Each structure stands twice: as structure tokens, then as C-alpha cells.
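Some notes on the structure that comes next.
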Amino acid sequence: MLDNIFNTLDTLEDALAGLSRESEPDAKGAFGSTGKIDMKYNPLELEPSWQKRWEKAGVFKAVEDPSREKYYLLEMFPYPSGKIHIGHVRNYTIGDVVARYKKMCGKNVLHPMGWDAFGMPAENAAIENNTHPAKWTYENIENMKAQLKRMGFSYDWDRELATCDPDYYRWEQLVFLEMYEKGLAYRKKTHVNWCEKCQTVLANEQVEDGCCWRHPEQEVAIKEMNSWFLKITDYAEDMLEYCEKLPGWPDRVLSMQKNWIGKSHGAAIRFPMVGPEEAIEVFTTRQDTLYGATFMCLAPEHPMVQEIIKGSSQEKEVLDFVARTLKMDTFMRTADFTAKEGVFTGRYCLNPMTREEIPIFVANFVLFDYGTGAIMAVPTHDQRDFEFARKYDLKLQVVIKPEDAELIEEDMTEAYVDQGILVNSGPFNGQRNLEALDSIADYLEEQGIGHKTVNYRIRDWGISRQRYWGAPIPMIHCDACGIVPVEKEDLPVVLPLALDMRPNGGSPLPFDPSFTETTCPKCGSKARRETDTMDTFVESSWYFDRYACPDYQDGPLDATRVDYWLPVDQYIGGIEHAILHLLYSRFYTRVLKDLGHIGIKEPFTNLLTQGMVCKATQACSQHGYLFPKEVENDRCTRCGAEVINGNIVKMSKSKKNVVDPQELIDRYGADTVRMFCLFASPPDKDLEWSEQGVEGSHRFLQRIWRLVTDNLEDLKTVKGFDEKTELQEPLKSVHRKTHETIKKVTDDIENRFHFNTAISAVMELVNETNQFLNTGEQRDAAAWAVVRRAVETTIILLSPVVPHITDHLWQLMGHEGFLLNAPWPDYQEEALVTETKLIILQVNGKVRSRIEVAASSSDQEIEAAALADEKVQRHIKGKSVKRVIVVQQKLVNVVV
RNA sequence: GCGAGAGUGGCGGAACUGGUAGACGCGCUGGAUUUAGGAUCCAGUGGGGUAACCUGUAGGGGUUCGAGUCCCCUCUCUCGCACCA
């Protein structure tokens, strides 16, 4: 099939060569309609043919070469869901333009692609369609790979990897064992989110509005169970610090990461128990209010709760409350509309400063995950504590007063949270509360009651998933020896493929004796394999390293190659992955460095987060959201009701406001789709899909196609332009525009990724060239040489954006080879020089006139010309000129 | 509530360090070509006014010879985090 197209094209070119001989010069010379070839722009034939040629020539292959400067460009790899969607198209188009541009600039470019191939959808699809996750996944990969190739992306497919391949995850298992040895991976019993339908633990981010993200009707339960964790908290401080050392990252991503890490300075303070137990430790950032702490609250999960109520008369009441609270999901429990509730434990502890006995409560709003899971409550200066105190009639004690007023506890209607002066605070009375933070912390330390500390919001990364389609955690449970790591030489622990999926959605792994039954590496007795698999974010935390050496068999990473390519110079992906994946990758890179696998800490030097692709929704009162196909003339095709046009929101299957990239490719070709994705808006902003916009992009491609084919003979036969030629207007202007465009496009791509303005600039050049050809008088060889240079520049500058049509036109014009191997053009300063300059004339800051002056004019001459201008004269008549501002070569402002 | 970003024609968006606001594209209007439609080409297109000119970048104030751009306040929208002690 492709071969046929190939042959067709070759024949076409022969035909063209023949035609050129038939053309006859008309009276005006070589211009006019001669050489006009009836040849249509047919992207559907032309594009696959060029894709095949690129592949055959291996133009996208990246080879390590220490003598050349490398450039590693990476787009976030996709989950192989079956088909590419428009978000992929946009993401990968942006990346492809940069990759092609950098290659043309002479960089040794690495531009790989692969598959984030483990994950739940494969298991669900397998159950639904009675197939196997592996089969489903690999079929999807084949489909999507074909689609990506059809888009013409410049990937080095020799480096392709799929994370579900044992050759990939075996190294992840090895790194896990190394982390385990260093204490960076551990197992603990803890409270987790559990979805009954998925039969697995969910990460916090997979819980939406208290329900499972995949089962919006299924409330997430809190379950206490054993899970594996990676010690990301060990690196929290370093990752936070390096947020300041990533100038190539968008501020908003960095601020999200800082937010997520959530460092806060404060103090850990011990409140001694009244009774046999030792003390309860709290974390606070407000040790300045310590004298006002009149009660204590524990999180329901706090282990001391069980301890201190044992045998007391409150026991049942407290246990009921704890059980009731823990049954609520975290979202409901922590929602701001959920009332603050608690129960008295019947026990007291001492405020370490006032030595007063204060009651201990269990409260629903105290988070076990944050700080120590216990808080000192200061109702006078914390709104939550205030509400709680009022509800349970607890003591209030003011310890900060505003500078010019008194606070009376009984009269307070809300907590006083502003700054002020300390009162009722022993030796600290009279100090400003913020200044007392340090002195109180020091005092605590001296007295052995507490110490300064920092607390992080970030928790260790729970990576256990009770799922089948993931990388097995390489551990063994032995009754005698406990948890024993798999021997490194026994890796990989391969995921068994021959088993039946369970209809309830649970993992089949625990029920497969061929997998679970093993022997303990330590004592040799019967033992059981760990059946949890790893969170798929683990795979995506190092795939970019493995691209450097996907075939390496002696370890996770080949140091020589990884050192050459890493770090990623430019990473591009959706903002929706901004926190977790990027945070995990930064953590994992640090781990790999500490384990000696890699030399860098930060994996991504520059990050571009592209905006979402959006489109208006359409709905019908009867049938809900409608696909574009289900709408005709603003009416629902099923019931004829008028459609309701909704907001412009992110494209999603559930809202049915989607366009299928494949349909667009089949209709317009890949180049048009690529061009529209770039032209419609800058990459970091959201893109609003517009069918008319796509048509516009297609029209532009047809316009350059005609510009070349309509004038092919003249363009082809004219001699190359000698840059030293002295040109007259209007030729000079076309030539100047050519160089201005090179400058503008280079700047837009290199420094700003503003492809939309780069394309605009080329459009301007095409417009000017067309205008010259349509209206220009001069039609000799000199003119054609200038036009040829303009047209060739157009083609080269557009080649990263629309690589197929440009390679084709390049060849039609008689060039050999691919534009990807052509050098990116330089502009010449001399070509930008103009003889005259346009000067804007203002009077009192308002534009009144504009004049042309010789470029060589001095400021004095320009000022004189401005004052002599008729319109300026009219506006300053009868007034005295107070001041004249002359902005070099640009503007004159006359102040009267 | 906290943090970040944004607000410019009928629409998507330009205007990089303060210096012609609206590049480029879409749409629309008129004209040419065409049997017609499409495609293509030419002209026009922020609002008001015959014109000179006036007015205009969410609203208000300020700095400046000059503000879409800088500063302060207000409003609206989007995103992230959120009972974080």
C-alpha cells in the first residue's frame, strides 16, 4: 500500500519535470501563468509516503556522541488506553516542534517515546471484554504507536519501552530491594482509603468528593492494613530547597510542590498526663499561645486513645465515637461543613506552663496524619478550638490582646487570631506575640518540656496496591523469619500471565498458588510471596532514565549513556500531572543518586506544562450530553429538541465534547492538525477547539502549496540569490521581511515556545510574497531570486511544525534530502536595515501624526521635522512648547 | 480561608525591556470570478461621528512627557491546597 503511494509520487515528479519543458515565457518574461501545474495538495497520500522515507533513512535515531552537545527532549509518556486523544496530539506536537528545531540547530537530540503500561484500566477492560490485561495493553500499544507514527512525530522508536515488560520492572524491583536495605522502603500498618468495588487501596488523589474516582457512587472506606511505603519524607527538605534552584519550571508548579511538601516551623511540646502514662506530645506553630491551652484534642486514630480510656467509665462512649468517626471517609470528616465534634475521655493532662489540669478530648477534626496527631487547643486564639470550646462549654483564657483594647473571654464571639501583646503568660507578658515565638521555644528547651521543630505535610509514599496489573513487590513472608527480601539474583519476580481475572475486580494474584507459594530465602521453609504490586507512579519515576539505555542488561542504568543524556533538558506534559508524578520523579532521582545509579538530583531542567484542550459542551434536555455527531442544525438527532450549548470545558468522554484526532487526520492530514494545535494558542494556555480554526490552518497550507506549485518553474530555474546583491524597493522589502521572519520565528521558538506568533510571522511573510507576485511589476531573474529565497525560508521555518508538506515542497523545488538535516537559517543584520524610519508624533501623549525620516537622522533633525509637521503645528498652535521628548528612532512627544 | 494565574474587538489571540493597542487567523460586509455552491482573489471590519476629532485593554485611583504593560484598592473567572494545629 505504502509502496504504491511511493511509486505514485515518483511518477508525479517525472510528470512535473516533463511539464517544465512545455512552459513558455509570456510577454512579461518568465512570470504569469506559465509553469502552472494542476497538482492538488493531497496530504493523505503525501504524508504516509514521507513518514516511510524518514523511517527508512533512520533520521530520528539518536546516537551518543560525546563530541556533540546533547539535547534531551521528553514528553510525558501515555497510558495505552487504546487511541490517542487530542491532549496527546497537542502535547506531542509541541515536543516534536522543539525536537526538530533543536536538531536543525545542530544539537544531538534524544526524543524517545514509550508506554506507561501498568494500571487498573487494563484489568477492568480485561474483565469486561473477557481478555487478558497484557493482550489488551499490547494491542492498544500497537494501535497508538501507529497513530503516533501517522502524526509524523520524530521519535527514536528503537528506544521504545513498556513498563509492563519484565525487562523494565525487574530493575525497579532491584532498586526496591536496595531501598529496603537502606531503610528507604518499609512496611507498616496504617489507615488507608479503600474502594470496595476496586478491591484496592486508593491514593489520596484517587479519592474525589469522598468517593472512588472510578466509581462515583462508591464511598471510600477507611481501612487499617499493612502497606509498603517509600521514605519520601527523608528528601522533603532537599526537594523543597531545590524548588528555588529550578528556574526553568513554571512558578505555579513549584508553588504547588512547596505547598504539597508543606513545611512549617513550630515546636514539639510534651503535656504530662495526670496518671500513670507519661505524656502526650503535640506539634504547634503557635507556642506563643501555650499559656492559653485549656484542653487537648487527640485524633480518633491516636494509639493513646485506647490506652488512656481502658477500664474507665467513658470507654464505651469514646470507642463508639471513634468507630463512628473512622467510618466516615476522610473527605466528609474533614470537610469544612462537617461540624466539629468530640468526646471527653475522662482523663486530664497538665499544661506544662500553667501546671493546670486540662481535659483530654477525642475530636473529629484532628488529623492523625499531621504533626503528632494531637493538638493543644487554644480556644481564644484559634477559631476551630473556639467553636469546640463553646460547644462543650470549656474554659477560655486570653493570652494575646490587641495593642489598644482588652479582650474579655465571656464577650468573645470568635477567636482573636491577629497579632498582639502577650498577657497571662508568666515571664513573657508584655512581649509581642510573634517575637515571643523564639523565646518561648528556647524556654521549652531549657525546661526539657519541648523543642523547636519543623513539620512537613508530606507523608511517606504508600505504594502498595492490591492489584494484579502492576510490578510485584519483591518480598516474601515467612512464618519463621518474617519479611524476607527476594534474592537479587532471583529477580525478576515475574507477574504470572496465565491466570483468570476475578469477576469482582479484585486481584487474582493472592489466589494463584504458582505465584504465592515459594520458599524462604533465609530458612528454606515454605513461605508466601507478597501479592501487593507497586503504584504505577513508581514506573513513571525513572522511565526517562531508562530511555538512555533501554537495552542495558547489567543493571537498571548504564552510567556512561545516562550521564551523557540526563538530565532531561526540556520536559513537556499536562498540568494535571504537575504535582504527584513530578514530585515522585524528583524523589526517585535522588534515591537513584544515593544508590549510585545516576549522578544527578534533579531530573528535569526545564518544564513546560501545556494547557488543556477545551470545547463547548452540547446537551439535550432528553438525552443529556451529546456527541458532536448527535447534533445537526442545533438540534438533537434523536429527538429533534433544540440543543443547549454549555460552557467551554476540558474535553472529556463523559461530557462528550470530544473530537477524535484520527477523524481529523483522515480528513485534513496530520500537518493541518499539528498546525492548528500550535496556532490556536500559546502552549501553556488552554486551547479552545474550533472546527473553523482547523479549516483556516488547512487553507494556509494550501496557500503555500499553491505559492510553490503555481510558480514552480520560475522558482526552480532561477539562480540562487547572492546575499551581497544591492536591492531596490520593493524587492528590498521582501528580502527584509524574509530576514525579519527568520529572526522572529527563531526568537519565538528558542526563547518563548510561542509557536502561535511564530506561525503568524510566517503567514505575514507568505502574504507579502503573494502580494509582491500579484501586484509587483518587476519580474526578472533578480526578483525571482529574492522570491525564491522568501519561499525557501517559509518552507524551512515551517518544517518543524508541518514536516510533511515542507519536505515535499522542498523536494519539488529541487533540493535533496530532508529538512530535518538542513541547518536552521541565520538572519543577517544588514538585511534588516531600512533607509527610512517611521516616527510617531505625539502632542501631550496623544498620537497626532507620523512621519518618515531618513534612518540616519539625528535626534535634533527628527525634533525639527516633528515640530514642522502640519498636524503637530495645528495642535500646538497658540500654546508654548514646554518640553520635547525624542525617543531614539521611534517617537517624538511634544508637551505643551 | 490560603496560594498561583488570568481579565484586550463578534471569536481565538498579538503587543518581548512602559513608546502607533488590536499583528496573524476565524467570522462578518461589499466587490471580482463561477451556471450555482464550494474554492480563490480584491477591499473593508473596536465603538461613535459626514468630517476634524472623540472614545476605548474588567472597574476606581496613582506614578510618568507617555500605562494593556509599573504601584495601590475593588470586582469577576480559572486552577491548586484546605479543619495543616
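Quick caveat: nothing in here was measured; it's all calculated off a predicted structure. Sequence lines set the chain letters: A, B, ... in the order given, protein chains first and strands last, and positions in each chain run from 1.
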>> Classify Asp686(A) by what it touches in the nucleic acid, base, sugar-phosphate, or nothing, heavy-atom distance under 4.0 Å.
In response: sugar-phosphate
> Hey, which of these two, Leu838(A) or Asn770(A), hits RNA chain B nearer its 5' end, going by closest nucleotide?
Replying inline: Leu838(A)
> Can you tell me how far P in rA6(B) sits from the matching atom in rC70(B), rounded to whole Å?
Replying inline: 10 Å
>> Categorize Arg850(A) for me: base, sugar-phosphate, or nothing, with a 4.0 angstrom heavy-atom threshold over every strand shown.
In response: base
> What distance, rounded to whole Å, do you find between the two P atoms, one in rA43(B) and one in rG48(B)?
Replying inline: 24 Å
>> With heavy-atom distances below 4.5 Å as the criterion, would you say the side chains of Phe753(A) and Val97(A) are in contact?
In response: no
> When rounded to the nearest Å, what value does the distance between C1' atoms of rU40(B) and rG5(B) take?
Replying inline: 43 Å
>> I need the full list of salt bridge (Lys or Arg N to Asp or Glu O under 4.0 Å) pairs touching residues 282-291 of chain A, with sequence neighbours left out, sorted by first then second residue.
In response: Arg286(A)-Asp288(A)
> Between atom NZ in Lys871(A) and atom C1' in rA51(B), what is the gap in whole Å?
Replying inline: 13 Å
> OP1, OP2 of rC83(B) versus side-chain N and O of Asn364(A): anything below 4.0 Å?
Replying inline: no
> Is the shortest heavy-atom distance from the side chain of Lys890(A) to the side chain of Ile839(A) under 4.5 Å?
Replying inline: no
> Between Glu244(A) and Lys258(A), is there a salt bridge with N-O shorter than 4.0 Å?
Replying inline: yes
> CG of Leu580(A) versus C1' of rC79(B): gap in Å, rounded?
Replying inline: 15 Å
>> I'd like to know whether the aromatic ring centres of Phe388(A) and Phe365(A) sit less than 6.0 Å apart in this structure.
In response: yes
> Along nucleotides 22-32 of chain B, 5' to 3', which nucleotides get a B, which get an S, and which get a -, given that the test is a protein heavy-atom distance under 4.0 Å?
Replying inline: -BBSSS-----
>> Let's see if you get this right: which residues in residues 875-886 of chain A place a heavy atom under 4.0 Å from RNA chain B?
In response: His875(A), Arg883(A), Ile885(A)
> Could you give the CG-to-C1' distance, from Leu678(A) to rG13(B), as a whole number of Å?
Replying inline: 14 Å
>> Say we look at rC42(B) and rG59(B): how far apart would their P atoms be, to the nearest angstrom?
In response: 37 Å
> Restricting to pairs with a member in residues 371-386 of chain A, which pass salt bridge (Lys or Arg N to Asp or Glu O under 4.0 Å), not counting sequence neighbours?
Replying inline: Asp382(A)-Arg384(A)
> Could you give the NZ-to-P distance, from Lys258(A) to rC81(B), as a whole number of Å?
Replying inline: 17 Å
>> Nearest whole Å is fine: how far is rC11(B) C1' from Phe676(A) CZ?
In response: 12 Å
>> Syn or anti for rG9(B), given that syn means the glycosidic angle lies within 90° of 0?
In response: syn
> Does the gap between the ring centers of Phe676(A) and Trp689(A) come in under 6.0 Å?
Replying inline: yes
> More 5' along RNA chain B: Arg706(A) or Arg752(A), using each one's nearest nucleotide?
Replying inline: Arg752(A)
>> Just N and O in the side chain of Lys846(A): are any of them under 4.0 Å from OP1 or OP2 of rU55(B)?
In response: yes
> Are Arg457(A) and rA82(B) close enough that a side-chain N or O sits under 4.0 Å from OP1 or OP2?
Replying inline: yes
> Between Glu870(A) and Ser849(A), is a side chain to side chain donor-acceptor pair (under 3.5 Å) present by the stated rule, with each step listed?
Replying inline: CA-CA 9 Å; Glu870(A) 184 201 340; Ser849(A) 182; over 6 Å; no
>> I need the CG-P distance between Asn751(A) and rU17(B), as an integer number of Å.
In response: 12 Å
>> Can you measure Arg252(A) atom CZ to rC81(B) atom C1' for me and round it to whole angstrom units?
In response: 14 Å
> Do Leu664(A) and Thr672(A) have side-chain heavy atoms sitting under 4.5 Å apart?
Replying inline: no
> Looking at Trp461(A), does the NZ or CZ of Arg586(A) lie under 6.0 angstrom from its six-membered ring centre and within 45 degrees of the ring axis?
Replying inline: no
> OP1 or OP2 of rG1(B) sitting under 4.0 Å from any side-chain N/O of Arg384(A)?
Replying inline: no
>> Looking only at the side chain of Lys685(A) (C-beta and beyond, no hydrogens), which of the listed nucleotides rG19(B), rA14(B), rA43(B) gets closest?
In response: rA14(B)
>> Among residues at least two apart in sequence or on other chains, which ones pass side-chain contact (heavy atoms from CB on, under 4.5 Å) with Lys395(A)?
In response: Thr294(A), Glu356(A), Gln397(A)
>> I need the CD-P distance between Gln771(A) and rA43(B), as an integer number of Å.
In response: 6 Å
> So, the side chain of Asn351(A) versus the backbone of Leu290(A): is there a donor-acceptor pair under 3.5 Å, distance only?
Replying inline: yes
> Going by distance alone, is a donor N or O of one side chain under 3.5 Å from an acceptor N or O of the other, for Thr793(A) and Tyr827(A)?
Replying inline: no
> What nucleotide, of rG13(B), rC65(B), rA85(B), holds the atom closest to the side chain of Ser681(A)?
Replying inline: rG13(B)
> Are any of the side-chain nitrogens in Glu852(A) or Lys837(A) under 4.0 Å away from the carboxylate oxygens of its partner?
Replying inline: no
>> So for Asn259(A) and rC81(B), does any side-chain atom that can act as donor or acceptor lie under 3.5 Å from a complementary atom in the base?
In response: no
>> Quick test of your reading of the model: are Lys452(A) and Asp438(A) salt-bridged, counting only N-O distances below 4.0 Å?
In response: yes
>> Roughly how many Å apart are rU20(B) and rC28(B), using the C1' atom of each and rounding to a whole number?
In response: 26 Å
> Rounding to the closest angstrom, what is the interatomic distance between rG68(B) and rA58(B) at atom C1'?
Replying inline: 12 Å
>> Between rC16(B) and rC71(B), how many Å separate the two P atoms, rounded to a whole number?
In response: 16 Å
> For RNA chain B, what is the dot-bracket line, given that a base pair needs Watson-Crick (N1 to N3, plus N6-O4 or O6-N4) or G-U wobble (N1-O2 and O6-N3) geometry with both distances under 3.5 Å, and | means paired with another strand?
Replying inline: (((((((..(((......[....)))((((((.......))))))(((....)))..(((((..]....))))))))))))....
>> Closest approach to the side chain of Met256(A), judged atom by atom: which nucleotide of rU20(B), rC79(B), rG19(B) is it?
In response: rC79(B)
>> Taking the minimum atom-to-atom distance to the side chain of Asn774(A), which one of rC42(B), rG12(B), rG19(B) wins?
In response: rC42(B)
>> Nearest to the side chain of Leu367(A), heavy atoms from C-beta on, is which of rG12(B), rC42(B), rC84(B)?
In response: rC84(B)
> Using the C1' atom in both, what is the distance from rU78(B) to rC73(B), to the nearest Å?
Replying inline: 22 Å
>> So Val895(A), base contact, sugar-phosphate only, or nothing? Heavy-atom distance under 4.0 Å.
In response: sugar-phosphate
